[in-house]
Every structure is written in structure tokens, then in C-alpha cells.
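Residue numbers begin at 1 in each chain, while the letters A, B, ... track the order of the sequences.
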Amino acid sequence: MITMSDVFENVMELAKRRGFIWPTSECYGAVAGFIDYGPLGAMMKRRIEDIWREFYVIREGYYEIECPTIAQEAVFIASGHVAGFADKMCQCPHCSEYLRADHVAEAGGIRNASTMKNDELAAALATCTCPACGKVLWKVEVFQFNLMFKTSIGPGSQRTGYLRPETAQGMFVDFARLLRFYRDKLPFGAVQIGKSYRNEISPRQGMIRLREFTQAEAEIFVHPAEKNRHPRFARYAGYSMPLLTYVQQQQCGEAVTMTMQEAVEKGVIANQYLAYYVALTHEMLVSIGIRPEKLRFRQHLPDERAHYATDCWDAEIHSGRFGWVETVGLADRTDYDLNAHAKQSGTPMTVFIQYDEPRKVPRRRIIPNMSVLGKQYRQKAKAIFAELETAVPTKDGADVVVDGEKIHIPADLFEVRDEIVDVRGEDIVPHVVEPSYGIDRMCYAVLEQAYDEDIADGEKRVVMRLSPKVAPVQVAVFPLMTRDNLDTIALDITHAFHTKGIQAEYDDSGAIGRRYRRQDEIGTPFAVTVDYDTKENNTVTLRDRDSMKQVRVPVADLPEIVAGLVAGSTKFAELK
RNA sequence: GCAUCGAUGGUCUAGAGGUAUGACUUAGGCCUUCCAAGCCUAUAGCCCGGGUUCGAUUCCCGGUCGAUGCACCA
């Protein structure tokens, strides 16, 4: 039996020793918040990313794009990260403690601390006490600590760049191109798997809070009026899971289990789109090996939501070490981001939605007599022309304001024409539904949940019960003895696996039991052993990691059988 | 970031002001007909920088990393 408090240390020690996760640049001293994926870790991470692609790229049809990890300042001014992704901080002059300036002020009874400017806040803080040492702060300086890594683009530092704190902005700024790619029709989605960077103040939870981390994000662009009509909603309508709503949280209640259909109908989840990806996320996480009982979906409390989101749900995975860990965020970002980028860049980010039938709309047009107007007003004529379009004419004429000057245009200088026009559609700003996955946290959760110790033949066996889908090495091949040609047969089998794209590892070192244990420890789900019967009848034993049971199968069938076992289409227990 | 504690082969560990103990692992060999057996051999270590000292892995100071508490965690 292993207790949960040991699990983190055991699993991280194993991960380090066997080449899953390493501290980065160890020979120079590691840096907190950064990790290296070793050979097995990189392989496992890639398998998890590929399963994610199966769900989002292949099944949903949302193509993957790849944007730079550095972007120019304007991108993050628009996104709100330059202004908003920063904390106001100050340092206590007595005990040198770093403090959240606005929190201290609010605790000291100062109102609107969060909206104050730095110097106002500093002045207000003079009477507040330091929560660390209890002394009055008197004189402090308030500064912004922005969690984005800042850099400069090109020589001479002319241009500010930031390492992206999320991959999402890349999909937003490419909106116009994406819309053309998807032939101007909603809904569509784009996804990205890549590195993001946050200069965390004090990352101290191993793989859980990293300064450089991998995100897998999908941005799904949808008509705001269509959010309750996901075209494939039927797939998950009956899918049920425990949901911890914000109402339940406020009442200290338990999660409520319900179907996605119910959740949407009862208004628990804001719309079908969000519910669809909540269910998809559940299915995806379970398929990489997360146990359902260690998985829950928690709704953000209203004051917890990010600046852009309306409804927001987190997939949380329970860790023996860290408790419930936010691993996936599912947010309805509305039209916040597209509006912000449209405003900042001056590029419209809208979709033209055609009506089924053109609508007859009455419209009043004011048509100026430019030949007279031009002569009379000369250089002001153009501005007057523009102003007249929105002017409200009376019998006498119309008043317009040009450069602050009020000008009266007599009625005979323009014609008012009321007409019925066909309006064929409208420009709308799509809403964005965003599932955002923390790949590193998923990797950690998979490792933690896979770690197990049992007793085999009276001795402790450490075994990583990784799903065959994510296990780095998929099958091990052993000759029982390194002689009598058993080794060459085993090498041929290994080669046959490789040509079928199966990650197979050959090992002839030491006793057979030791080799099984080695593979158990890195989570290899299956092992093939070539013995003397192989030479008689061309069969080998195929051993299952979890049950340690063996079956005899023909050598020729091995690649197909193992491929089926790895894909999950066959179970070991079903083999003869 | 602050405070406390810690850091010895790949892993776990013994130890002392004079370069280091043992086990496991790994590699090579012998042996071995299915779950870490045995025998022989080999590889490999005192976190980094400064100070004290004839001499520091050991003592002192600073740093890095890790654990714990506090703060922080769009």
C-alpha cells in the first residue's frame, strides 16, 4: 500500500530516474518553473497531444495553426494583458515582504483600491498595516508586476515584444484569414498546441505551475444567436457527469450529476456549445487514463472569472499532493477578443451573415446637389457631404457641424429620398467558445494516477499503469536466453514492430524477471518473450503488464494484435 | 519574495577539518528454459560562488534548487 503523501515524491523520483521529467539545465543549477521532458516524457506528452488532436482536429474538424511565441505589444494591449495581466504590488519597508497593494488597501478599509492609480494607491496605503509584520506602511512605492516576459524585437530595442501568456491570441489575430479559409461561414474553429509563458512570482509545485508550459487551445467561432444549436450536440446530450455549479459551491453543496441536455435546459451551463466541450473534455481526459472519480467540472464563481469570460468551467483533476488542480478551462469568451482586436488594429472582425430572404427595410437617403454645394462651400463641401448623410432635415433645410462650426444648408441644396431597400444580411461579431488545456498538468496527472506499487512473488513491484495509448514504449521484446538464435528472432520481431510504427524496445540484459520489472516501471503495457517453443512452432508469449498474465500468439500476428491492444480496440483478456 | 529546514555516485544512504561507507541500479563476463536469484569485474558522487584554514565536501557568508509555512497564482 502506498499513501497519497508519498505519491508525488515517488512518482517524481521515478520520472527523473527513468527519463520522463528532468530539472532543466541541471549542470548550471535548475531554474524553478522550467522543466525538461526526457525521452520517455517527451514521447508520452506527444501521445497525449496526438489524442487531443484526434478529438479536436480529426473529429471536430478544427484545423491546427502555429503562431509565433513572441508577439508585438499591440496584440497584448488589445487582449488586455499589458494592462490587466499585472498585479499592483508594493514592498513593506519594515519586513521587505512583497504585498498585493490593492489587497492590503482593501483590507485597510480603502474603497476602490483596485481602480486607483499607482501613486494614489501608494498615498492611500500610508495608513494601512502590513499583514506580514503588522507595522504601519507609511511610505511605500506601488509598482506593476506584469506576468508576461518582456523582450525587444530587433536591434536597438525599438520594438517591444512579449512572450505570449496564452496561445489564444494567435487565433484571434488571424481571424480574417481563418474566416476566408473556412469560406466565410460560421461556425468554425482553429486550434493550437504550443508553448506559453508566464513569469510566475513563485512557482513551487513541480509540473503544476510552470513559467513555460504547453497549452492546447481551441477557439470556436460561433454566431452569438446559435450558441444553443451545436450541430453535433446530440453526441453528448445524454452524457452525464458531476457538475459543481457556483450555486452549489456557495451553498457548500456537492456536485450534481446530470446530463448535458439537462445542464443546458436548467441553465446550469450557459449554452450547448460550452456543454458540448465540457462533455468532450471529460471523454478526452478519461481516454488518456484519468479516472472519472478523480475528475470534476467546477464552475467559476462570478468574481473569479477572467475579464473576458461570461460562463467558465474548469476541469479539475484530483491530485494526491495538490488537491483539485485546474487542468482545463472552458470559457465563453463572447465577442470580447475580436472586438478588442478590431478596435486596436482597425481591421473589422466580423462575419457577413446572409438572411434567408432579403429584408425590405425603409431607408431615408439625403442626396446633396453637389454642383451647387461644391461651388458655394468649396473645401468644406466634402465634410458637409459626409455630415448630411446622418443629418435630420427639416422643411427649412438641415444643420450640420463641420470643424465645430454650425452650418445651415438650405433645403433646396439637397433632396430627401425615402426608399425601401433590400438588406441581404448583416455583419456580426462571432462569439468565441474556448476549451484551453494545460498539457503539462495532464501529463503530471497521468503520471500520478498511473503510479502503483503491488506485490509480485513476495516482492514489491513498482508499476506505471499508463494507458496503452499514452505509454511511451508500447511493447518490449525479450529473448529468454541470449543464445541459440533466440536473440536474433527477438530482434526480427522488434524490427517487425518498428515497420508497423509500433514503439518496441528490445532488451536482453539480465534475468527475464528483471527485464519485466524494468518495463513495468516505465509503463510498457505489453511484453513479448521469445523462448524455445518459438523455434518449434513460431509462437511467443505475450505478457500483460497489469495482470502479469501471458498468452501464446503466433509471431506473424504480433504487430496486428499489439496494434489493436495499444489502440484499445481489443482487450488483453479477450485474447485466447 | 520572506521565514525555517535540507542538498554526498543514476537511486537510497554512512561519515569526518586531511577527497568518502554500504546497498540497489547500470555496463561487461560466467551462470540461468518466464517475473528484480547467484558469482566475478567495472563505471560513477560530496549543489554553486566567496570567506576562515597549511588544507573545506565538513565551519561561516551569499546564491541555486527542493520541502514546509506565509504571501502570490490573469
If you compare every side-chain N and O of A:Arg18 against the phosphate oxygens of B:U26 (OP1, OP2), does one of them come in below 4.0 Å?
no
If I pick the C1' atom on B:A36 and the same atom on B:G55, what distance separates them, to the nearest angstrom?
44 Å
Whether A:Arg514 contacts B:C34 is assessed here as follows: a side-chain N or O lying under 4.0 Å from the phosphate OP1 or OP2. Is that the case?
no
Classify A:Ala32 by what it touches in the nucleic acid, base, sugar-phosphate, or nothing, heavy-atom distance under 4.0 Å.
sugar-phosphate
In this structure, how many angstroms lie between the P atom of B:G66 and the CH2 atom of A:Trp22, rounded?
18 Å
Using whole Å, what does the distance between atom P of nucleotide B:A36 and atom CD1 of A:Ile512 come to?
10 Å
Going by the angle between their ring planes, with limits at 30° and 60°, are A:Phe221 and A:Phe172 parallel, tilted or perpendicular?
perpendicular
Separation of B:C31 C1' from A:Met481 CE (nearest whole Å):
10 Å
Rounded to whole angstrom, note down the C1' distance from B:G50 over to B:C12.
32 Å
Side-chain N or O of A:Ser509 closer than 4.0 Å to phosphate OP1/OP2 of B:A27
yes
Taking CE from A:Met12 and P from B:U11, how many angstroms apart are they, rounded to a whole number?
13 Å
Answer yes or no on whether A:Arg298 is positioned over the face of A:Trp324, meaning its NZ or CZ is under 6.0 Å from the six-membered ring centre and within 45° of the axis.
no
Tell me, which stems hold RNA chain B, with a stem being 3 or more Watson-Crick or G-U pairs in a row and both distances under 3.5 Å?
B:1-7 with B:64-70, B:10-12 with B:22-24, B:26-30 with B:38-42, B:47-51 with B:59-63
Please classify the nucleic acid contact of A:Arg517 as base, sugar-phosphate, or nothing, using heavy-atom distances under 4.0 Å.
base
Could you give the distance separating B:A16 and B:U57 at their C1' atoms, to the nearest angstrom?
10 Å
Judged by each residue's nearest nucleotide on RNA chain B, which is more toward the 5′ side, A:Gly206 or A:Pro165?
A:Gly206
Assigned chi class of B:U19 under the 90° convention is syn
Do the ring planes of A:Tyr273 and A:Tyr277 sit parallel (below 30°), tilted (30 to 60°) or perpendicular (above 60°)?
tilted
Within the pair A:Arg518 and B:U26, is there a side-chain N or O less than 4.0 Å away from OP1 or OP2?
yes
Please classify the nucleic acid contact of A:Arg204 as base, sugar-phosphate, or nothing, using heavy-atom distances under 4.0 Å.
base
Take atom C1' in B:C46 and the same atom in B:C39, then report the distance between them in whole Å.
32 Å
From CA spacing to verdict: side-chain contact (heavy atoms from CB on, under 4.5 Å), A:Arg441, A:Ile317
CA-CA 9 Å; A:Arg441 289 179 176 187; A:Ile317 300 178; over 6 Å; no
Would you say the side chain of A:Asp457 and the base of B:C35 hold a donor-acceptor pair, judged only by whether the two atoms sit under 3.5 Å apart?
no
Distance between the C1' atoms of B:U52 and B:G62, in whole angstroms?
15 Å
Starting from P on B:U25, measure out to CZ on A:Arg515 and report it in whole angstrom.
15 Å
Candidate list A:Glu219, A:Gln192, A:Glu217, A:Glu66, test side-chain hydrogen bond (donor to acceptor under 3.5 Å, both in side chains), partner A:Thr167, passing option
A:Glu217
In whole angstrom, give the distance that lies between atom CG of A:Leu210 and atom P of B:G66.
11 Å
Would you kindly check if the NZ (Lys) or CZ (Arg) of A:Arg543 is within the cone defined by 45 degrees around the ring axis of A:Tyr516 and under 6.0 Å from the six-membered ring centre?
yes
Please work out which of the three classes, parallel, tilted or perpendicular, describes the rings of A:Tyr197 and A:Phe149, given edges at 30° and 60°.
perpendicular
Quick one: does A:Gln550 reach the base of B:C34 with a side-chain donor-acceptor pair under 3.5 Å?
yes
Length of the CD1-C1' vector between A:Ile522 and B:U25, whole Å
15 Å
Base B:C35 to side chain A:Arg543, donor-acceptor N/O within 3.5 Å cut-off:
yes
Axial cation check for A:Tyr162 ring with A:Lys150, 6.0 Å and 45° limits:
no
Euclidean distance, atom CG of residue A:Asn10 to atom P of B:U11 [Å, nearest integer]:
15 Å
With a 4.5 Å cut-off on side-chain heavy atoms, are A:Cys67 and A:Arg164 touching?
yes
Whole-Å P distance, B:C72 and B:G51:
40 Å
Check whether the side chain of A:Tyr516 and the base of B:C34 form a donor-acceptor pair under 3.5 Å.
yes
Does A:Ser202 get its side chain close enough to the base of B:C72, under 3.5 Å, for a donor-acceptor pair?
no
Could you state the interatomic distance from CD (A:Glu26) to OG1 (A:Thr24), rounded to the nearest 0.5 Å?
9.0 Å
Could you work out the separation of B:G17 and B:U25 based on their C1' atoms and round it to a whole Å?
33 Å
Sugar-phosphate, base or nothing in reach of A:Leu147, heavy atoms under 4.0 Å:
nothing
Considering only atom C1', compute the distance from B:G45 to B:A14 and round it to an integer number of Å.
13 Å
Select from A:Leu480 and A:Arg17 the residue whose nearest nucleotide in RNA chain B is closer to the 5' end of that strand.
A:Arg17
